[in-house]
Amino acid sequence: MELPDVLAVNKALVKVAKLYRAAQADTLSALGLHPGQDVLLWTLGGAPDGMLISEIAAQLGVEQPTVTRSLSRLDQGGWFVREPVPGDRRATLVRLTAKGRAVIPAVEAAWRTLAETATGGMTDSDQERLLGLLETVRTNLLTVATDTE
């Protein structure tokens with residue numbers, strides 16, 4: 001690949017990643033959330049009986065301290081409750097509150113809006129091709145970086 005092509009690819013990927021992250025932050029801020037918090041709450045929404053912090057970490061593909069920090073940042077929002085696990089003093093069960101369950105449809109709507117905005121004007125086949133290309137980019141980048149999501 002020639003240098004002008006290298007520069008164009010790098011510039012395009014960085015611009016799209018930054019712009020998507022900014023659009024995501026703007027969209028989620030209307031719900032009182034930051035990027036990443038939506039996925040955590042949505043994950044909890046799939047477990048009506050709650051999840052252990054270790055289970056959340058495994059499902060999200062992150063370390064337990066990352067989940068603990070994310071939960072701490074969300075703590076004041078009333079989105080969830082933490083409960084001790086009988087017989088295991090080190091384990092904590094996290095369960096969504098009614099407020100947390102109520103935000104899940106809004107999170108999904110925000111995701112839909114972002115996806116539809118990002119792919120506006122594309123045909124279904126364009127969207128399928130885009131997803132395939134993005135997966136190829138992701139797979140290629142895994143050779144030099146760790147997947148964070």
Side-chain angles (χ1 to χ4, degrees), residues 9-10 12-149:
V9 168
N10 284 324
L13 288 173
V14 168
K15 280 184 151 187
V16 167
K18 283 183 178 181
L19 193 53
Y20 186 84
R21 186 72 168 187
Q24 184 183 39
D26 290 347
T27 302
L28 292 174
S29 70
L31 303 175
L33 299 172
H34 296 284
Q37 294 175 338
D38 55 333
V39 178
L40 192 151
L41 291 176
W42 187 82
T43 299
L44 282 170
D49 296 328
M51 295 176 78
L52 299 173
I53 290 177
S54 59
E55 294 171 327
I56 298 168
Q59 192 156 341
L60 296 177
V62 299
E63 299 294 323
Q64 288 184 36
T66 301
V67 173
T68 301
R69 278 190 305 276
S70 295
L71 290 170
S72 294
R73 291 182 186 118
L74 278 168
D75 225 357
Q76 302 303 315
W79 306 104
F80 64 89
V81 293
R82 297 177 205 226
E83 301 170 359
V85 175
D88 188 346
R89 293 178 16 169
R90 295 180 354 171
T92 301
L93 185 72
V94 182
R95 184 186 331 259
L96 287 182
T97 61
K99 178 182 177 182
R101 285 189 302 280
V103 80
I104 300 303
V107 165
E108 291 173 351
W111 291 347
R112 178 172 282 105
T113 298
L114 285 167
E116 289 173 350
T117 300
T119 59
M122 292 184 190
T123 65
D124 289 347
S125 64
D126 288 342
Q127 290 178 24
E128 285 181 35
R129 179 129 169 86
L130 174 64
L131 289 174
L133 292 169
L134 289 172
E135 187 56 34
T136 299
V137 169
R138 180 187 162 279
T139 300
N140 292 343
L141 290 175
L142 284 173
T143 64
V144 294
T146 303
D147 194 0
T148 59
E149 289 189 32

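Small disclaimer: the values here were computed from a predicted structure and weren't measured.
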Point to revise | 4.5 Å side-chain heavy-atom contact, Val94 and Met51 | key: no
Review point. Do the non-hydrogen side-chain atoms of Leu44 and Leu40 ever get within less than 4.5 Å of each other?
Key: yes
With rounding to the nearest 0.5 angstrom, report the [atom1] to [atom2] distance, [X] to [Y].
X: Leu71; Y: Thr92; atom1: CG; atom2: OG1; value: 9.5 Å
X: Asn140; Y: Glu135; atom1: CG; atom2: CD; value: 10.0 Å
X: Asp126; Y: Leu131; atom1: CG; atom2: CG; value: 11.0 Å
X: Gln24; Y: Leu19; atom1: CD; atom2: CG; value: 11.5 Å
X: Leu52; Y: Glu83; atom1: CG; atom2: CD; value: 11.0 Å
X: Thr119; Y: Gln127; atom1: OG1; atom2: CD; value: 4.0 Å

Review point. For Glu128, which residues count as a salt bridge (Lys or Arg N to Asp or Glu O under 4.0 Å) partner, sequence neighbours excluded?
Key: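 Per chain and number, Glu128 pairs via salt bridge (Lys or Arg N to Asp or Glu O under 4.0 Å) with no residue.
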Practice item. For Glu116, enumerate each residue passing the salt bridge (Lys or Arg N to Asp or Glu O under 4.0 Å) test, keeping only those at least two apart in sequence or located in another chain. Key: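 With sequence neighbours excluded, Glu116 shows a salt bridge (Lys or Arg N to Asp or Glu O under 4.0 Å) to no residue whatsoever.
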Check your understanding: Side-chain donor-acceptor pair under 3.5 Å between Ser72 and Asp75, yes or no?
Key -> no
Review point. Would Leu41 and Val107 satisfy side-chain contact (heavy atoms from CB on, under 4.5 Å), going step by step from the backbone distance to the final call?
Key: CA-CA 9 Å; Leu41 291 176; Val107 165; 5.6 Å; no
Check your understanding: Among all residues two or more places apart in sequence or in another chain, which pass the side-chain hydrogen bond (donor to acceptor under 3.5 Å, both in side chains) test with Thr66?
Key -> Arg69
**Study point:** All side-chain hydrogen bond (donor to acceptor under 3.5 Å, both in side chains) counterparts of Glu108, not counting sequence neighbours
**Key:**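 side-chain hydrogen bond (donor to acceptor under 3.5 Å, both in side chains) list for Glu108, sorted by chain: Trp42.
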Using atom types as modelled, flag every donor-acceptor pair under 3.5 Å from a side chain in residues 27-38 to any protein atom, sequence neighbours excluded.
{"residue": "Thr27", "atom": "OG1", "partner": "Ala23", "partner atom": "O", "Å": "2.8"}
{"residue": "Ser29", "atom": "OG", "partner": "Asp26", "partner atom": "O", "Å": "2.8"}
{"residue": "Gln37", "atom": "OE1", "partner": "His34", "partner atom": "N", "Å": "2.7"}
{"residue": "Asp38", "atom": "OD1", "partner": "Gly36", "partner atom": "N", "Å": "3.0"}
{"residue": "Asp38", "atom": "OD2", "partner": "Trp111", "partner atom": "NE1", "Å": "2.7"}

**Study point:** Arg82, CZ atom: more than 12 neighbouring heavy atoms under 6.0 Å
**Key:** yes
Review point. Tell me the side chain to side chain donor-acceptor pair (under 3.5 Å) pairs involving residues 46-56, sequence neighbours left out?
Key: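 Counting only pairs at least two positions apart or across chains, no side chain to side chain donor-acceptor pair (under 3.5 Å) contact touches residues 46-56.
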Exercise for review: Over all heavy atoms of both residues, which pair between Ala102 and Pro105 is shortest? Give the atoms and the distance, please.
Suggested key: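 Heavy atoms only, the tightest pair is O-CD, 3.4 Å.
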